[in-house]
Visitor: 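What follows is a single structure, and I will ask about it in a moment.
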There are 2 protein chains.
Amino acid sequence: MGEERHGRTVVRTITDLARLAGVSPGTVSRALAGKSLVNAKTRARIEALAREHGFRPNQMASGLRRQRTGVIGVAIPLGHDTRQQISDTFFMTLLGHLADELTHEGYDLMLRRVVPDADGDWLDRFIGSGMIDGVIVIGQSDQFARIEEVAEGYRPMVVWGNHQEGQRHCVVGSDNRLGGRLAAERLIAAGARQIAFLGDATAIEFAARRAGAADVAARFGLPPLVTLPTHLSPERASEEIAAHLAAHAGRIDGIFAATDTLAALCLTALRARGVAVPGAVRLVGFDDLPIARQTVPPLTTIRQDIAAGARGLVDLLLRRIAGEATESLILPPELVVRETA
Amino acid sequence: MGEERHGRTVVRTITDLARLAGVSPGTVSRALAGKSLVNAKTRARIEALAREHGFRPNQMASGLRRQRTGVIGVAIPLGHDTRQQISDTFFMTLLGHLADELTHEGYDLMLRRVVPDADGDWLDRFIGSGMIDGVIVIGQSDQFARIEEVAEGYRPMVVWGNHQEGQRHCVVGSDNRLGGRLAAERLIAAGARQIAFLGDATAIEFAARRAGAADVAARFGLPPLVTLPTHLSPERASEEIAAHLAAHAGRIDGIFAATDTLAALCLTALRARGVAVPGAVRLVGFDDLPIARQTVPPLTTIRQDIAAGARGLVDLLLRRIAGEATESLILPPELVVRETA
DNA sequence: CGAAAATCTGCAATCGTTTGCAATTTGCCC
DNA sequence: GGGCAAATTGCAAACGATTGCAGATTTTCG
């Protein structure tokens, strides 16, 4: 420690700096932490030296001692459909906003993709690492049970996803069922009679969207929804959609897609078959991603307010870290009418 | 420590576990680290106990002692165009692949968005935090000089971006100039005579793309490129593009967009003006993002192999961490012909 | 059987920072 | 100037894991 370099003492530790300033390490620590216990002049001197030598206290050591790291973990569980989510526009936008919010609150963000099937222990591992002060889980995937279990004993966790009656873990998410209702109402208003749901209805959020749409179909006395399951990755989904359209040609006049991404693919497939949209088939998406404005014709969709979601996640998490008990936050989605329905 | 809970001793530290196993903390540490110095039976016993109590060593303490954290920092400098990049599909896809690769190599990923204008010190702060073993910077933005300066004294850093003659920092990126050449050649082959470059040519990568296109225009004896500067965020870009098209109506017959995202917006704007593509105006994008397949008509573009880029970044970084000196890695982009040129 | 070699295990220092407590200095008032 | 309170500072013990070294145990072999 304290070797010469560039003709200037290199100061790596608070002790180095203390020696330079002629005080004890404790005082340096207090000065840099901005505590009121140090003399103003002493502090100024120490701060100047720190700046001059580009010194920054080691966060690992600080974290260890204070039992708080200033890092929030963000876990993205990937379902069977591995490759998808991390490049999915919706999740990525959410992640971007999360990064903003967390930075703003002075936290760093540790990102971890997890493949629950391959590693049943993912959540405990993340939490138990001692590296994070709290965790945000983006998407429940098929891990609802696991998350519930952990929520029992670990408070600082908030999850993006769907809310179920009586669940224990704190969740932030859209009212998917309501979104589904809005979508179906619009399809019907635009003239649809036989509605199909496009997407993997085993995913819990999607199931809720579908259920909302089914509610409305039933209320209007229409035939039950047809489900057209797909994967989320564009490559596979394209083929699957084409197959579905071929199989149900002429028998479906309204499609509610689980996602704008799927809706856009579906639109391309419909065009390829020469089906008029919204003339012969009406189409509604979900999310209101940028792509929704760019399709031809532009997509009618259900908007989720991603920024508000991120704010909610961070806000609730910080309150839980502070020890508060918090309710889940359910955001209302909103119908955006463009031209496909 | 070692209090009762759920009728089972809670073991938080390696010392707790040692007490339970009737050995010393040192032995537990060695057993859990999989060192060969512990007796097979002792190790088995310790491992069983650890599993049973869900014990995981504290990474902060471990990191402090070993002077290595197992975390790689990923910094995303945001230029003036703040909101954009983190939700930009290209960067996010790259981030996804990075997460994959790093996880695969046993590293965690710490994500930090930085606004260099507001915080001139961003890179040193990140590096000096003691929280990361190395750093990947995604995009040079306008921070070329700052990065160069830091590269001088800090080895474990790799940057995604453009390569300049004689630069010091290790970079991975596409050969943007070559990409620009490919784009221009295609535009010309498709019949363009007056080519425009769409995008912010002050960004270093974009400038290189533009330069490549300009090379080709000159070689073919065509008039110099017209530059149509835009922001990257879709909202602002839309208007700007519309204005540009209005200003240059009929005088441009080929557009090279810095990005597929811009190209898609441009296509929409062209459609709105009733301009035939590729009949009256040819259009080539860059990146080959998913949206390139979905526009109408689908976009001719220059593909960057994002996965290869991520692999390169991680590979080079790990080698630098290990102390190797490494060359930069320049990947060849590739023309993908679809229907807009 | 005994000694040397090989294998395990424990001890205690260490990583760099924070913080309770005690010691010291300074300021203030009579 | 003395005495007391307030303001600063130093001391040393944490935080939890790792690891060089030395002591203890077992194995090997002549």
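The chains referred to below are lettered A, B, ... by the order of the sequence lines, with proteins before strands, and numbering in each begins at 1.
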Visitor: Base, sugar-phosphate, or nothing for A:Val28, non-hydrogen atoms under 4.0 angstrom?
Guide: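 The residue A:Val28 makes no contact with any strand.
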Visitor: Has B:Lys35 got a side-chain N or O lying under 4.0 Å from the OP1 or OP2 atom of C:dC8?
Guide: no
Visitor: Which residue, B:Ala61 or B:Gly26, contacts DNA chain D at a nucleotide closer to its 5' end, judged by nearest heavy atom?
Guide: B:Ala61
Visitor: With a cut-off of less than 4.0 Å, is there a side-chain N or O of A:Ser24 near OP1 or OP2 of D:dG10?
Guide: yes
Visitor: Quick check: closest heavy atoms across A:Tyr107 and A:Val71, and the distance to 0.1 Å?
Guide: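 Answer, listing the atom of A:Tyr107 first, then A:Val71: CD2-N, 3.9 Å.
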Visitor: What is the separation between atom CG on A:Asn58 and atom P on C:dT18, rounded to the nearest whole Å?
Guide: 9 Å
Visitor: Base, sugar-phosphate alone, or nothing: which one does A:Lys41 contact when heavy atoms must sit under 4.0 Å apart?
Guide: nothing
Visitor: Classify the side chain of A:Arg65 and the base of C:dT17 as holding, or not holding, a donor-acceptor pair under 3.5 Å.
Guide: no
Visitor: Just to confirm, is there a sub-4.0 Å distance from OP1 or OP2 of C:dT18 to any side-chain nitrogen or oxygen of A:Ser62?
Guide: yes
Visitor: Distance check needed: C:dC15 C1' versus A:Leu64 CG, whole Å only.
Guide: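 Whole-Å distance recorded here is 9 Å.
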Visitor: Please report the C-alpha distance between A:Asp117 and A:Asp142 in whole Å, then the side-chain angles of each, then the deciding distance to 0.1 Å, and finally whether the side chain to side chain contact (heavy atoms under 4.5 Å, CB included) criterion is met.
Guide: CA-CA 10 Å; A:Asp117 295 341; A:Asp142 49 4; 4.2 Å; yes
Visitor: Need one value for A:Ser29: base, sugar-phosphate or nothing, where a base atom within 4.0 Å counts as base even if backbone is also close, heavy atoms only.
Guide: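 The residue A:Ser29 makes base contact.
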Visitor: Could you tell me whether B:Arg320 and B:Asp133 have a side-chain N and a carboxylate O separated by less than 4.0 Å?
Guide: no
Visitor: At their closest point, which heavy atom of A:Trp160 faces which heavy atom of A:Gly309, and how far apart are they?
Guide: CZ3-CA, 3.7 Å
Visitor: Provide, to the nearest angstrom, the distance between the CZ atom belonging to A:Arg19 and the C1' atom belonging to C:dG16.
Guide: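 In whole Å, C:dG16 C1' and A:Arg19 CZ are 13 Å from each other.
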Visitor: B:Arg43 has an atom CZ; how far is it from atom P of C:dT7, in whole Å?
Guide: 14 Å
Visitor: Can you identify which nucleotide, out of C:dT9, C:dT17, C:dG10, has its nearest atom closest to the B:Val23 side chain?
Guide: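 Closest nucleotide to the B:Val23 side chain: C:dG10.
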Visitor: When you measure from the side chain of A:Glu148 to the backbone of A:Arg168, do you find a donor-acceptor pair of N or O atoms at a distance under 3.5 Å?
Guide: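 Present.
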Visitor: What is the separation between atom CG on B:Leu37 and atom C1' on C:dT7, rounded to the nearest whole Å?
Guide: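 Distance check: B:Leu37 CG to C:dT7 C1' gives 9 Å.
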Visitor: Identify, between A:Thr27 and B:Gln67, the residue whose nearest nucleotide on DNA chain C lies closer to the 5' end.
Guide: B:Gln67
Visitor: Taking N and O atoms by type only, does the side chain of B:Arg66 place a donor or acceptor under 3.5 Å from a partner on the base of D:dT18?
Guide: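 A donor-acceptor contact between them is absent.
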Visitor: Counting N and O atoms only, with roles assigned by atom type, does the side chain of A:Glu152 sit under 3.5 Å from a partner on the main chain of A:Glu149, one being a donor and the other an acceptor?
Guide: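 No, because the side chain of A:Glu152 does not come within donor-acceptor range (under 3.5 Å) of the backbone of A:Glu149.
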Visitor: Please determine whether a side-chain nitrogen or oxygen atom of B:Thr13 lies at a distance below 4.0 Å from atom OP1 or OP2 of D:dC15.
Guide: no
Visitor: Without decimals, in angstroms, what is the distance between B:Ile14 CD1 and D:dT19 P?
Guide: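 Roughly 11 Å, once rounded to whole Å.
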Visitor: In degrees rounded to 10°, what angle is found between the helical axes fit to the five outermost pairs at each end of the helix from C:dC1-D:dG30 to C:dC30-D:dG1?
Guide: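 It comes to 40° between the two terminal axes.
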Visitor: Report the distance from atom CZ of B:Arg30 to atom P of D:dG16, rounded to the nearest whole Å.
Guide: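 Rounded to the whole Å, the gap is 20 Å.
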Visitor: Is a salt bridge present between A:Asp124 and A:Arg146, judged by a nitrogen-to-oxygen distance below 4.0 Å?
Guide: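 Judged by the 4.0 Å cut-off on N to carboxylate O distance, A:Asp124 and A:Arg146 do form a salt bridge.
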Visitor: So does B:Asp121 pair up with A:Arg51, basic N to acidic O under 4.0 Å?
Guide: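 No, this pair does not count.
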Visitor: Write down the distance between CE (A:Met60) and P (C:dT18), rounded to a whole number of angstrom.
Guide: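 Those two atoms, CE and P, are 14 Å apart.
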